[in-house]
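Taking it in order: structure first as structure tokens, then the write-up.
We use all heavy atoms of the structure for the numbers below, so side chains are in, but hydrogens, waters and symmetry mates are not.
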Amino acid sequence: MRSLAVMKKHGARLLLGALLTLLAACASIGLFGVDTLGRLDAMLGDMRMRAEAPQLDKRIVIVDIDEKSLNQIGRYPWGRDVQARLVTQLTGHYGVAALGFDISFPEPDSSSGYGVLAELAKGELAGVPGLSDQLERLKPQMDYDALFAEAMRGQPVVLGYSVSDRQKKGMLPKPAFSVLDLNGRTVTAFTSPGYAANLAQLQQAAQGAGIFTALTDSDGVLRSSTLLQRIGDAYYPSLSLATASVYLKARAIAPVFGQTADKLSEAEREHGGLDRIAVFTPRGRLDIPVGEALTTTIEFRGKGGPDGGAFRYVSAADVLMGAVPTDVLYGAIVLVGTTAAGLNDIRATPVNAEFPGVEVHANLIKSILDGHFKSRPDYALAIEFGQVVLVGLLLGGALALATPAAAVLLAGAALAGALGLNWCLYRYFDAALDVAVLLLLIAALFVANLAWGYFFEVRKGRALVARFGQYVAPELVAQMADNPGRYSMDGESRELTVLFADVRGFTAISEQMTPQELREYINLYLTAMSEDIRDSHGGTLDKYIGDAVMAFWGAPVAFPDHAGRAVASALLMQRSAGRLNQQFQARGWPPLQIGIGLNSGVMHVGDMGSRIRRAYTVMGDAVNLGARLEGMTKVYGVGIAVSEFTRAQAPQFAYRELDRVRVKGKTEPVAIFEPRCLLADADAGELALLARWSRVLELLRARDWDGAEAILSELPDDGLRRLYCARLRQYRATPPGEDWDGVTNFQTK
């Protein structure tokens, strides 16, 4: 039955949540592509990468052709003689373990002028004696390409080069493997018909070469890199892979199919896919996971540049002058590149829109050495689909049942949880998973439920506010608006406490004041009383009857302590009346005194009235008794009179018993009391006084006139004492009959 009620009330919202989850699940497995999702995932991936703090890796050092180097050595490109000196310094003097050039050398270097002199010696200067011999002797010093090649020979130097769509220039290095090595398998890779490689003389002297061509995403941002590319029928490594292989003294680079097998079965040859690239080193095999088309996600560390914090930068000028400490470069992998303005080696990356291109290779080399690659695993779709379905169904159901405040917390927790899990998988398991669909689903579920609540339920809350706003405090209206289905103006019977308050001698007061003064007088009074009732203790303001105020506690919002709230409000109203009285008398207005009557019991409450005018009010015998108690305050000379029923439900107050009364139309007597203060605030003198009053009533009801008079004579003089002194004189003069039960009968309403 409960589940049926939930479905009836929330079924439409649950169905909406399930529909949104279905759409998101379809998007997560690519049933329909949305470019916005890809861009959002890229943006979130960028933010995820920027959140990682860089740590300096001393194994990799960048020799920077910076502004300082250009100022000291000259404009770029430098002659190959300078490059030769740089290689000699790094390999000979500093003992680097691997040296990668993020630079290519596809054209001969003619900057020495040797070629021009040789041509002149054959032409205009052919007759100069000894010129040809002198040039031949100078050739080793002026052939900068030869100097550069000689400096590289036998050293761990890797040159860079680019791929091209049209030309085939220079000499390619030895490939990592060829199509024939795949044994009939097909490997998807980026393929280039051409290349701009290095001079054969230089390539033959170097230990290897690698491709440094960058592949950016559609938004122009560099996020991934190829590890190998296909040129013709062979696969060639990137600069980062080639440099790392030289550092590791690798014997070979080979593809690995399947999970771990080195030898492939026929089924694997036919159906298996490339799983990773293996680098075979003297210490064993290093496996590098690869993604689609032999690519890998670049894990950028730091913001890049000399101040990025991930890698050391040293100036090429300082290297040439030997000014760099040996321990900085010894045994390190060195990459030669440039950060100087105008040399066009700046990349837009997730961490920096102006990231040095040479540091891209440094980040890739670090990932190869550490064996940590941020990649999208094969099981990514399964995880993303499962997350969407699980979160969508659970959150959709929870939001449909939640209050607006709880919905905000739930949606916030779901967003934080999704981002936190995605970050943990990325940070600790190197799994780069998409999360945009999941985040959008959470947001859509929240917005859909919020909109549903606004259009279909907030209107109920607004109607409730409009109907109850004039009766109860704003905070209670807000509480009711959170769950409007629990509250109604329909009639019902409920145990409540009712209050009536009236101004003493209002007719005489009105005769002494002008209409304007009287209006201000009554407005100030009613405002203060209403605030004490409604705002201070959560009472429901029923109506004003001239100068009288009617209120009740326990509806529409139920309070188990409705009697205590009512008594506390009555005491507060008397204090407010005293404060107002001082203000009124200071202005020359008539004094203000009020009487308050309270009763608790079962009453009929609801929207009552005619078709013309209705009001949310209470009715019943218990209400009538409350009104009569207000009138009795005049008789007993007190400010507040409550019934025994109210006293029983609010025992936290100290009371003075006033009498036992029988109202007109009722046969059962009711004890009435005057609340004095909180019992906890009553001192010993107050408690003793209340006890003596109780003793006076006991003696009177026992017809002990002398004993009662003796105590009365010692009590403070007030309206109640004067009343009982008069009654005592009457009892002495005309003793009550034998059937007298000590109850005072009131014959008027």
Side-chain angles (χ1 to χ4, degrees), residues 42 45-69 90 94 96-103 158 160 210 212 214 216 221-225 227 238-244 246-248 286 288 295-316 318-319 324-325 327-341 343 345-375 423 426-430 432:
D46 296 349
M47 294 172 61
R48 185 174 55 198
M49 189 172 294
R50 288 195 294 269
E52 285 198 282
Q55 292 182 344
L56 180 65
D57 191 332
K58 297 180 179 180
R59 297 171 299 177
I60 305 169
V61 180
I62 295 171
V63 172
D64 188 8
I65 301 174
D66 54 6
E67 298 290 346
K68 176 181 178 180
S69 301
L90 289 169
Y94 286 108
V96 302
L99 173 57
F101 276 87
D102 188 22
I103 305 167
V158 179
F212 54 55
T216 59
V221 176
L222 180 65
R223 296 186 177 90
S224 60
S225 174
L227 288 173
S238 66
L239 177 61
S240 53
L241 178 57
T243 304
V246 168
Y247 175 76
L248 296 169
L286 174 66
I288 304 173
T295 62
T296 186
T297 299
I298 305 170
E299 184 182 0
F300 292 96
R301 302 163 180 88
K303 64 181 181 179
D307 300 324
F311 305 100
R312 281 177 173 166
Y313 277 70
V314 297
S315 174
D318 290 339
V319 172
V324 180
D327 60 347
V328 172
L329 295 171
Y330 181 76
I333 299 174
V334 169
L335 294 171
V336 178
T338 178
T339 63
L343 296 187
D345 193 27
I346 300 298
R347 310 292 182 185
T349 68
V351 295
N352 191 343
E354 297 182 353
F355 193 91
V358 65
E359 194 169 334
V360 174
H361 307 298
N363 280 289
L364 285 166
I365 292 172
K366 177 177 174 58
S367 294
I368 293 171
L369 298 182
D370 294 341
H372 288 163
F373 287 87
K374 306 299 186 185
S375 60
W423 164 252
Y426 177 83
R427 177 69 177 82
Y428 300 106
F429 298 95
D430 297 325

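We find the OG-CZ distance between S367 and F300 to be 10.0 Å, quoted to the nearest 0.5 Å. The OG atom of S240 sits 8.5 Å away from the CD1 atom of I288 when rounded to the nearest 0.5 Å.
Taking both residues in full, the closest heavy atoms of I346 and A353 are given as CG2-O, 4.4 Å, listed atom of the first, atom of the second, then distance. Annotation for A242 and G210: closest pair CB-CA, 4.1 Å, computed over non-hydrogen atoms. Closest non-hydrogen pair, H372 versus E299, comes out as O-OE1, 4.2 Å. A pairwise comparison of heavy atoms in G160 and F212 identifies C-CE2, 3.3 Å as the closest pair. The nearest pair of heavy atoms linking L239 to T243 is O-OG1, 2.7 Å. Shortest non-hydrogen contact noted between A98 and V246 is CB-CG1, 4.2 Å.
In this structure, the side chain to side chain contact (heavy atoms under 4.5 Å, CB included) partners of T296, at least two apart in sequence or on a different chain, are L227, L364, F373.
Counting heavy atoms from C-beta outward, I298 and T349 have side chains that stay 4.5 Å or more apart. The shortest side-chain heavy-atom distance between I60 and N363 does not fall under the 4.5 Å cut-off. Two residues are said to be in side-chain contact when any heavy atoms from C-beta on lie closer than 4.5 Å; R312 and K58 meet this criterion.
Defined by atom type and a distance below 3.5 Å, a donor-acceptor pair is present between the side-chain atoms of D66 and S69.
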Scan the side chains in residues 327-340 for donor-acceptor partners under 3.5 Å anywhere in the protein, sequence neighbours excluded, and list what turns up.
| residue | atom | partner | partner atom | Å |
| --- | --- | --- | --- | --- |
| T338 | OG1 | I65 | O | 2.8 |
| T338 | OG1 | A340 | N | 3.1 |
| T339 | OG1 | D64 | OD1 | 3.1 |
| T339 | OG1 | D64 | OD2 | 2.6 |

Contacts table for residues 354-361: side-chain donor-acceptor under 3.5 angstrom, sequence neighbours left out:
| residue | atom | partner | partner atom | Å |
| --- | --- | --- | --- | --- |
| E359 | OE1 | G305 | N | 2.8 |
| E359 | OE1 | Y313 | OH | 2.5 |
| H361 | NE2 | D102 | OD1 | 3.2 |

### Task
Could you give me the CA-CA distance, side-chain angles and deciding distance for D318 and K68, then say whether side-chain contact (heavy atoms from CB on, under 4.5 Å) is met?
CA-CA 9 Å; D318 290 339; K68 176 181 178 180; 2.7 Å; yes
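Here D57 pairs with R59 in a salt bridge; the nearest charged N to carboxylate O distance falls below 4.0 Å.
Formation of a donor-acceptor pair under 3.5 Å by the N352 side chain with backbone atoms of K303 is found in this model.
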